[in-house]
Structures are given as C-alpha cells and as structure tokens.
2 protein chains.
Amino acid sequence: MTDREDLTARMLAAGRELSTAAVMFHTALAARQGLSATEEKALDLLDRLGPLTARQLAAHASLAPASVTGLVDRLERKGFARRVPNPADKRSVLVETVPDRLTGLAPLFDHYVASLTELVTRYNDIELAAIVDFLTEAAARQRDATRLLKDDGETFAPDSR
Amino acid sequence: MTDREDLTARMLAAGRELSTAAVMFHTALAARQGLSATEEKALDLLDRLGPLTARQLAAHASLAPASVTGLVDRLERKGFARRVPNPADKRSVLVETVPDRLTGLAPLFDHYVASLTELVTRYNDIELAAIVDFLTEAAARQRDATRLLKDDGETFAPDSR
DNA sequence: ATGTTTCGTTCGACCGAACGAAATAATTGG
DNA sequence: CCAATTATTTCGTTCGGTCGAACGAAACAT
C-alpha cells in the first residue's frame, strides 16, 4: 500500500469516527433537553424554514394534522416553541421556536467551539483552506447519499414537501 | 476580520453542515432499514463490542432485561441479529449481528466512498495529512463534548436501570 | 445434595405518539 | 350572504416500546 492509499484509508476511517461522534452528540443533546426524535426534527425544521403553520409543519415532517397538534402541544409544554396568531389567516396558527431555547447549553457550545478554534492553530493557511474545502465538499456528498437513500426507498411513499 | 479569522469561521460553519448531514444520513439509513433508534443503537453496540449476552446488552443500552427480550425479538424478526447459544453458560444467550446485514446498501456506500476518494485527489500529501489529523482530533473533541453533556445531565438523575 | 443466586423469558400493564373521523372556526367565491 | 373550502383541534383508538414481577432452567456454593 502506498503512502497515498494509506492516507486515503485513514481519511475514510477518521470520517466515520467523526460521523458517529456527531450522531452521538446530537442524540445526547436531544436526550438532555428531553426531546424525542420527532420533536427535534420539528424544531430543526422551524429553525431552518422560519415560522410555519401547523399544516406546513405537518407536510415537512410527514405527519398527519392531528399529530402536529400533539407535537406542538408537547413543544410548548417543554418551552421550545410557541403558537402565535397568523395575521394573514385567523384560522391558522403559526408555530415558531422560542428564541433562546439553547441558552442553558451555551457554555458547552462555547467550550467546543474554543476547542476547535485552538485545534486549527496547528495548521497553516494552505492546510486550513484544504480542511474547509474538504468539510464543505464532504457535507455536500453526504447530502447526496442521503437523498439517494430516501428517493430509492420512497418511490411509493410521497413526502410531498 | 482577518483572513485567518475568516478561515476559522468557515471551518466552524462547514463543520456544522457536515454534522447535520451526518445526522440526517444516519436517520435516513435507519428509516430505510425499518429500524428504531433503540434498535440501531443496539446493533451499533453489538458491532463495536462483539457478541454480548442479553444482560450485557441491557446494561450498555440502559434497558431493563425484559425490554431486551423484546428488542432482540424485533431484531431477529427483521433479520439484523440472532441469538446463539453461549457455550460457557447454558442459561445465557449471546446476541450477535448478522454478518451481511448491510449488503443491500453496499452500492450506496461504495458510491459515497468513491466520491470521497475522488475528492481528496484535490489535495497534496501535506494537505491530506492535515485533513486526516483534523478529522481525528475533531472527533475526539466532539466525544468529549458528548461526555460533558451526559455527565452534567445525570448528576441527579441516576439511570440505575 | 440442596439451597441460593443468576440468566433470560413470559405476562400484564402502562405511556407516549401516531392516526382517522368528526367537530369547530374562519376564509373564499359565487 | 350563504355554501363550499380550508385550518386546526378534539375525540377515541391503535400500536410500539418499556417496565416490574413472577417463573423455569442452569450454575454456584457450602
């Protein structure tokens, strides 16, 4: 095995390690907040797409409208989201995340960010640029893989977002 | 903002992207196989620690013995694990993963691995070594953060199952 | 040998989370 | 201004997943 092949193999192994570490981190984060997978997914959708009506949230999360009522009830009870009246349509309800729902965890995030910031002092600008490029590209390719995984399996189960 | 600060900020942003991509990939992978979070966690434990007795699996997964019976029943029914007699103790049962439980997904993995392998041809040896080092170190630091998250949260809530 | 501990399973019960159908409220269109 | 449509909630139900307690079988100890 050449040095180059060895480096590539180690890249793959390290990538797997980081991947599982990320999954475990997110799992622990959700558990710490007392959130189920569905609830966390909903909060992520609301963060990424902005306030949504119950119906829109149902569509994005692939849930029945009745299920969203219960879901939002739980999120409100736990203090992670709230219903606000929709000025444009008094039948509907806008659901939005509570702005500072992560304040209690800020020290942890700060510590982690500081740790990574310290880590990259090891590398010169050229190396760091390569790292940034790699992370960006790897994320894009993993998103592609995720899409393949879904499309391939849901040919008959429309998500309809 | 200096170039260096900009690079570091982009490293953090790209890292978050990759992290969420990894989580979504794992979620899709589990859904594709019809596995719940608990079931996937159990399979991961069995893969990492080798065959375990039901009791050991219960301890590692923080489940009651009765729950493990049902869990392993489900995994067997779905074809992802099996019980084998424990030669050292006829009371106990060893649970192991079925060796080729990912064969159907091999093409997908191969494609993703090939994509990453192609990606790193962009970088010279120095840069690639930096990438490998970064991935390894970032994984270690994220594991640390996960541990903090858990320890900090369970100081008062003994799991004790 | 025989009493005790350990292992996994079975049983019965419970809870969270999802669903469909019906009910309620508000909007839209003729 | 009324009928049809749309948005959400309520209601009752179902299902999966977990638990504690009780049990039989095997191992251990004395």
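None of the values given here were measured: they were computed from a predicted structure. First the proteins, then the strands, lettered A, B, ... as listed; each starts at 1. Heavy-atom basis, side chains included; hydrogens, waters and symmetry copies ignored.
When each of A:S92 and A:D73 is assigned the nucleotide of DNA chain D bearing its nearest heavy atom, the one mapping closer to the 5' terminus is A:S92. Residues A:A88 and A:P65 each lie close to DNA chain C; by heavy-atom proximity, the contact nearer the 5' end of the strand is made by A:P65.
One N or O donor and one acceptor, one from the side chain of A:R91 and one from the base of D:dT6, sit under 3.5 Å apart.
Proximity of B:T69 to the phosphate of C:dT9: a side-chain N or O atom is located under 4.0 Å from OP1 or OP2. Contact annotation: B:R74 side-chain N/O to D:dG17 OP1/OP2 distance is under 4.0 Å. Contact annotation: B:T53 side-chain N/O to C:dG8 OP1/OP2 distance is under 4.0 Å. Between B:S67 and D:dT18 there is no side-chain polar atom (N or O) within less than 4.0 angstrom of OP1 or OP2. For the pair A:S36 and C:dG16, the criterion of a side-chain N or O lying under 4.0 Å from OP1 or OP2 is not met. At C:dT9, one or more side-chain N or O atoms of B:R83 fall inside 4.0 Å of OP1 or OP2 (strictly under the cut-off).
Ion pairing of A:R77 with A:D73 is absent here, as no side-chain N (NZ or NE/NH1/NH2) approaches a carboxylate O to less than 4.0 Å.
In this structure, the CG atom of B:L35 is 14 Å from the C1' atom of D:dG16, given to the nearest Å. Rounded to a whole Å, the CG atom of A:D89 is 20 Å from the P atom of C:dT24. Atom CG in B:L71 sits about 14 Å away from atom C1' in C:dT9, given to the nearest Å. Atom pair A:N86:CG and D:dT8:P shows a separation of 8 Å (rounding to whole Å applied). Computed from coordinates, the A:L94 CG to D:dT8 C1' distance equals 13 Å when rounded to whole Å. Residue B:L52 contributes atom CG, which lies 15 Å from atom C1' of C:dG8 at whole-angstrom precision. Regarding B:L63, its CG atom lies at a distance of 14 Å from the C1' atom of D:dG20, rounded to whole Å. Nucleotide C:dT9 holds its C1' atom 15 Å from the CG atom of B:L57, rounded to whole Å.
Across all strands, A:E39 comes closer than 4.0 Å only to sugar-phosphate atoms, never to a base (heavy-atom distances).
For B:E40 (side chain) and B:A37 (main-chain N/O), no donor-acceptor pair under 3.5 Å exists by modelled atom type. At least one donor-acceptor pair closer than 3.5 Å links the side chain of B:T146 to the backbone N or O of B:Q142. Under the 3.5 Å distance criterion, the side-chain polar atoms of A:R83 are left unmatched by any main-chain donor or acceptor of A:V93. Looking only at distances, no side-chain donor or acceptor of A:S115 sits under 3.5 Å from a matching main-chain atom of A:H111.
Comparing D:dA27, D:dA7, C:dG20 against the side chain of A:A66 picks out C:dG20 as the nearest.
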